[in-house]
Undergrad: 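Just dropping this structure here.
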Amino acid sequence: MSWDEKLLKQAKKIIKLYPQKRSALGPLLHLAQSKDGYISDDSISVISELVGITEVQVKSVSTFYSMYKQEPTGKYLLSVCKSISCEINNSSEVIKKVQEFTGLNNNETDEDGFFTFEAVECIGACGGAPAMQVNYETVEGLTAENAINLCSWLKEKQPDIVVADDMQEDFGGVKSFDWAISDSTGATSTAPGFQTLKTTKVKK
Amino acid sequence: MKETILLTKHMRDNPEDSHLIESYEKNNGYATARNTLLSSSPENILEEIKSSNIRGRGGAGFPTGVKWGFLAEDEDRYLVINADESEPGTFKDRILLERDPHQLIEGIIITCFSANIKEAFIYIRGEYAKPARRVQQAVEQAYEKGYLGKNIFGSEMDLDIVVHLGAGAYICGEETALLNSLEGRRGEPRLKPPYFPAVKGLYMKPTLVNNVETISSVPWIIEHGGEEYNKLGVEGSTGTRIFSLSGHVNNPGNYEIEMGSSFGEFVDTLGAGIRNNKKVKAYIPGGASAPWFRGDQLDIKMTIDDVANNNSMLGSGAVVMMDEDTNLVSAAKSIVSFFAHESCGQCTPCREGTTWLEMILDRIASGRGRTSDINLLLDVCDNISPGLSWPPKMTTICPLGPSAVSPITSLMNDFRDEVEDLIPTKVLL
Amino acid sequence: MSDKVHLNVNGLDIQSDPKKLLIEACEDSGIHIPRFCWHKRLDPVGMCRMCLVEIETPRGKMLVPSCTTEITDEMVVDTESDVVKKAQEGVLEFLLINHPLDCPICDKAGECPLQDQTMAYGPGESRFVEEKRHFEKPINISEIILLDRERCILCARCTRFSDEISGDPLIEFIQRGNKTEVNTFPNEPFRSYFSGNTVQICPVGALTSTSYRFKARPWDLKSTRSTCNGCTMGCSIELNSSQNKMLRILGVDNDSVNQGWLCDKGRYNFEYLNSEKRLKVPLKSVDNNFEESEIQDVYSELSEIIKDRKTKVNFFLGSNLTNEDYVAFREFSKSISDNEQSFYINDDLLYQGHFGQDNELAKIDDLNSSDAIVVWAEDLKEKLPVLYLRVRQAVKKGVKLIVFGHTNETLSDIADVFYGKETVSENFEIIKDVSKLKEIKDYVIDKNITAIIGKSTPQQSDASVSELFEFLKSNANTKILNAYTKGNTYGAFQTLENIKGTKDFVKDISSENTDLLFIVGADPVGRSFYSNEISGILQGLKTVVSLDLFIHETTELSNYVIPISSTLGEKDGTFTNIEFRTSRIDKLVPSPGQTVSDWEFITSLMNFAGLSSNLNSLEDLNNKAFEGIEDSSRPVFDNLDKPSNLDGIINTDTPTINTSENNLSQSLFYIGEKLYGDSVTERHSESISLLGSKKFIEVSQNIVDKFNLTYEKCSMTQDDLEVTVSYKVNNNLPDDLIYIPINRRDLNKFDFSREITVSPSRVKEGLNVN
């Protein structure tokens with residue numbers, strides 16, 4: 001097994017939450033992704049043993065869902081929405097410009113392992129169309145120009161923690177609704193932080 | 001028209017910390033749950049819900065009291081909160097999760113008391129990282145205070161809540177697909193019959209699957225009584241609902257209103273009208289699955305029944321306005337492409353048909369359409385949803401296939417010329 | 001008053017059992033509803049949508065999938081309405097838009113449900129003008145199975161079979177939506193013992209066998225139904241040949257036995273029939289060399305030996321003989337001597353068993369109707385694979401499963417209780433008081449039990465096997481399946497008397513009591529636990545006659561080697577399975593060269609030697625085999641050919657097995673056999689020959705630590721014999737027990753009564769000849 005003691009302990013804690021072991025498969029895949037940035041074959045082997053199903057059964061589940069990446073991703077996952085509300089509010093322009101800036105096609109990662117770009121389906125930010133997420137932290141009301149500014153900023157500052165409030169303030173526009181609560185938590189990886197994962201930290 | 005504030009009251013009154021338990025309790029939060037557990041009975045709660053006539057807020061609009069009544073007897077029963085909000089245009093559950101998670105938890109406690117359930121799951125879509133953090137934090141705060149776990153409020157009741165994250169699959173919003181996903185499987189819908197969640201749900205045990213907004217409404221209903229809730233709105237669409245307004249409006253956002261006004265009134269007053277004073281060409285009344293209405297149909301009322309009578313659905317309450325300059329073929333393609341991408345792949349018509357529709361629309365949109373394509377589109381749609389009727393018939397396992405048909409039938413019924421304009425009728429030599 | 005359900009289909013009134021699926025009820029009444037994903041033996045999933053029909057509901061007509069709809073009384077169904085026809089055309093058009101135009105090069109063409117249903121229900125043309133989806137084609141998902149993902153219509157029959165029926169889900173759907181494909185995990189091929197069944201049930205040419213790929217078209221094939229003789233299950237099979245060569249074996253749906261399934265060995269171990277190395281000419285040993293001989297000369301020389309009726313003759317019979325073969329040897333032995341004859345059959349694990357009036361014998365179907373199944377026998381998955389599937393099926397239906405012994409650890413994942421090394425010692429004895437075990441009290445006492453009982457390993461004492469059965473008999477309503485596993489053992493039980501096994505052969509046979517030994521269809525020197533002793537014995541005997549298909553280690557020590565036709569497909573006869581069910585074995589292809597059937601040889605020898613017999617034909621032998629059984633249930637050819645008897649006829653019997661008692665012996669070795677080995681037939685069946693070539697042992701972590709084993713290989717040494725093997729850690733094994741499969745080359749050459757030294761391998765990378 002190539003998961004260290006700490007990670008295995010976390011894994012076992014997650015499994016205990018559910019009446020049946022197999023239910024922990026989803027969270028364990030998020031855990032694996034927080035470690036490697038994608039679902040490696042090795043992680044699949046470890047998880048298959050923890051949960052008690054075959055490796056191909058784990059892979060069957062991990063490849064079904066868009067968020068479990070099958071190839072290594074960059075430090076920053078740029079997900080630009082292309083669904084209906086964003087589409088009629090010119091998201092295609094944002095997508096085009098971001099692709100030009102990063103030099104990436106859909107689902108591609110650059111050579112430095114810095115950006116991964118993907119055009120995604122509705123992220124629930126339709127009131128703030130066009131919208132995108134950086135490591136699943138949402139920025140709403142972007143213009144194509146601001147989207148590029150955001151990417152430049154990421155490239156320059158390379159923040160360890162990506163905080164939605166900060167990005168929104170500097171690069172965002174119209175919001176879907178008033179976020180109200182000031183929140184300095186953010187993402188430290190391309191796996192969403194929740195439960196015992198604690199992949200999020202508070203920016204000091 | 002004005003908003004009627006129920007669900008969004010606490011968050012408006014306490015914008016800075018509405019997500020924290022201290023703030024929630026300062027506003028009498030958890031009092032209803034406490035009273036319920038200590039002095040009410042499961043049957044009473046069920047009666048109140050029934051008398052409120054509240055209908056599910058997820059999209060199907062099934063009467064909640066009736067759904068709770070179907071739950072089969074068993075030692076192990078589960079409640080699953082469907083927070084997999086992924087219908088394009090919808091973002092109402094997001095505000096409830098981000099800014100008032102304790103209201104949801106209180107609703108869960110009351111619901112589980114009524115249905116004798118000891119374990120609840122909140123299935124939040126994976127992309128909602130921040131809402132998930134807020135909910136997880138709220139759950140932990142509730143545990144700390146003894147509002148979850150063993151002997152809640154000192155009563156006999158035990159309850160555990162597990163926050164479970166999805167991972168990017170719209171189809172997991174369908175209740176049986178959600179249960180499969182929660183069991184650690186592919187998010188594929190189950191056959192109904194026999195797998196009705198009320199009888200054979202999570203782990204084949206009786207399960208209640210309810211939307212975030214529905215359960216968030218429970219505390220108010222129990223505090224003020226089902227009758228009071230029933231007085232709000234109109235018959236068949238009681239209470240208040242949060243509508244997500246987006247598209248080409250001046251003021252997009254979430255608005256909590258009683259149902260009964262017309263879409264036009266809603267957009268003009270709360271939405272402040274269309275940007276740049278443009279006219280409405282078409283609008284979607286209830287999320288991407290819903291057939292479109294034309295710009296001259298803004299007088300249709302925002303109720304479940306009125307929209308249904310006009311051959312569409314109020315669905316998830318997502319209103320998307322498309323102005324006169326909108327390229328409707330692109331819009332339709334965007335929606336069809338969404339369903340093709342999200343199809344689970346189990347059944348033949350949806351798996352093959354939605355992608356085929358996307359390909360045909362793509363050809364048409366890029367100028368490579370053929371005159372036979374219009375009939376082809378409609379025939380392919382007919383093979384997914386026979387008769388192209390409303391409510392749709394299905395050759396598929398679940399309604400995702402027929403949902404992909406909605407924008408195409410809307411396009412062909414009311415905006416056929418836009419499609420025809422894109423198809424070259426002359427071959428240039 | 002019948003409890004049938006009445007429904008109206010297309011205006012016709014039909015009736016069926018309650019809770020039956022609509023598609024099945026219609027099928028039974030002759031109304032065919034097209035389908036892809038539904039299969040009679042799998043749980044329905046309603047995925048392909050081809051079986052949609054219209055039923056009347058209070059809200060009007062509704063399209064429902066008939067494979068997931070249970071019939072209800074007064075249901076009104078239309079399977080031919082315009083709406084249904086359009087839906088069928090639509091589904092087929094959808095399936096064909098991405099399906100490649102491979103018919104000219106696809107194995108399935110001519111027996112393809114997609115072709116047939118497109119012709120019958122599909123549109124005449126496709127309107128798809130875009131590019132079809134592409135995959136690399138085909139890919140090997142195992143040594144014997146190829147997958148073409150472009151042809152796959154995602155009916156999930158193969159994945160469902162692997163998950164539900166065989167319990168080894170090594171193939172699954174990957175990706176989502178339009179990009180879904182069936183695949184394996186990298187470096188984890190589809191190595192299932194039952195993978196061939198997925199090829200048979202695949203409704204298109206997506207899954208193909210390497211052994212049949214591009215070999216024939218279905219309309220070229222000649223076919224016959226027969227019975228597999230690989231183990232005592234006697235699965236019903238269909239043999240396919242073309243141009244007199246055996247090309248393929250398919251499973252036949254025999255409801256009582258295999259229900260359409262086969263193990264891969266039964267399905268693919270036939271290519272040896274066409275091997276160049278088949279013995280075609282009689283051989284005689286002259287000065288340690290084999291020379292070709294005329295069969296007349298062989299008869300002549302052997303007649304000389306036997307005609308005075310004083311020669312001491314003995315028989316060592318393999319398990320791949322038909323009942324008629326056994327009868328021929330029986331009659332032969334009677335004609336050459338008045339003494340009581342013992343017959344030695346090629347079984348290291350033969351023991352008394354539990355037969356007789358006071359022991360109720362079970363049928364395989366009893367597994368499904370019991371309260372619980374108790375297993376205390378050899379590894380069912382390796383030795384009786386289809387019985388393993390039937391046990392799984394029973395457990396799925398709710399029957400409790402109690403497994404004793406790590407020999408059956410493959411059942412532990414579905415067993416309600418698995419008594420492993422804490423309950424079963426290294427000596428294969430149950431060391432706890434069975435009556436005190438909690439689960440026994442809950443599941444066994446006073447319940448209906450089917451017990452699968454047999455020896456697990458050659459050294460195990462008879463008493464340790466029987467003790468459990470006696471307990472079950474006294475404390476529950478128990479029926480027993482005596483788990484003998486080799487071929488037509490039960491046919492031998494029915495036709496021979498004084499039956500003994502290899503252990504007694506070694507004890508009894510010497511040059512003092514045996515002048516002439518017939519070894520028929522057996523290679524004990526190459527395969528048996530007692531191989532060294534048997535080799536010694538053979539070398540001391542005056543005349544040894546081997547009847548076999550190929551040269552092997554035993555024929556090397558024989559004086560005469562007679563080329564024989566194979567029971568598989570090259571001769572007619574009957575076979576008796578573990579339930580004492582007798583069924584037909586059919587000839588389909590001619591046997592090569594001068595081969596004769598075993599019974600032909602021995603009856604010809606009798607005639608040549610002037611020994612009287614009334615056995616002039618196979619029918620005579622067939623009649624003789626079953627004389628004494630009353631006519632209606634006599635499994636003679638005429639009776640077995642009747643349509644109602646095609647699944648076989650049961651006639652239970654009490655065999656006379658005279659094995660000597662095996663007393664307790666200490667052993668550090670658990671001797672078993674894997675399904676695939678290096679038997680001479682497998683070595684000559686190209687497609688599967690490598691599957692049984694790996695030499696390995698299984699040990700507990702304790703052994704690994706004790707002997708400091710490293711890397712993945714170790715050495716086993718005894719005297720001059722040194723074998724390098726791979727080793728696998730299996731913590732279900734008792735600490736000091738080493739599992740050795742003796743049907744892997746060289747491994748049976750050790751003397752297991754003495755110590756074998758296990759040491760770390762001196763070579764980091766062992767020779768990888770295979």
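Letters go in sequence order (proteins before strands), and every chain restarts at 1. Computation of the quantities below employed the complete heavy-atom set of this structure, encompassing side-chain atoms and omitting hydrogens, waters and symmetry-equivalent molecules.
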Undergrad: For Lys132(C), does the NZ atom have more than 12 heavy-atom neighbours from other residues, nucleotides or ligands under 6.0 Å away?
TA: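 Result for NZ/Lys132(C): enclosed.
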Undergrad: Using a cut-off of 6.0 Å, state whether more than 12 heavy atoms not belonging to Glu111(A) lie near its atom CD.
TA: no
Undergrad: Can you list the residues that meet the salt bridge (Lys or Arg N to Asp or Glu O under 4.0 Å) rule with Lys75(A), with sequence neighbours excluded?
TA: Asp160(A)
Undergrad: Under the rule for ring-ring contact (aromatic ring centres under 6.0 Å, His included), what residues qualify as partners of Tyr76(A), not counting sequence neighbours?
TA: Phe114(A)
Undergrad: Within the supplied structure, the quantity of interest is the number of heavy atoms (other residues, nucleotides, ligands) at a distance under 6.0 Å from Glu145(A) CD; does it exceed 12?
TA: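 Not more than 12 within 6.0 Å, no.
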Undergrad: So with a 6.0 Å cut-off around CD of Glu422(C), is the heavy-atom count from everything else above 12?
TA: yes
Undergrad: Using a heavy-atom distance cut-off of less than 4.5 Å, which residues of residues 161-188 of chain C contact chain A?
TA: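 The stretch touches chain A at Asp163(C), Pro169(C), Leu170(C), Ile171(C), Glu172(C), Phe173(C), Ile174(C), Gln175(C), Arg176(C), Asn183(C), Thr184(C), Phe185(C), Pro186(C), Glu188(C).
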Undergrad: Taking only residues two or more places apart in sequence, or in another chain, which ones meet Phe36(C) in a ring-ring contact (aromatic ring centres under 6.0 Å, His included)?
TA: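 With neighbours one apart ignored, the set is empty.
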Undergrad: Given a strict heavy-atom distance threshold of 4.5 Å, which part of Ser62(A) is in contact with chain C: side chain, backbone, both, or neither?
TA: neither
Undergrad: What part of Ile44(A) lies closer than 4.5 angstrom to a heavy atom of chain C: side chain, backbone, both or neither?
TA: side chain
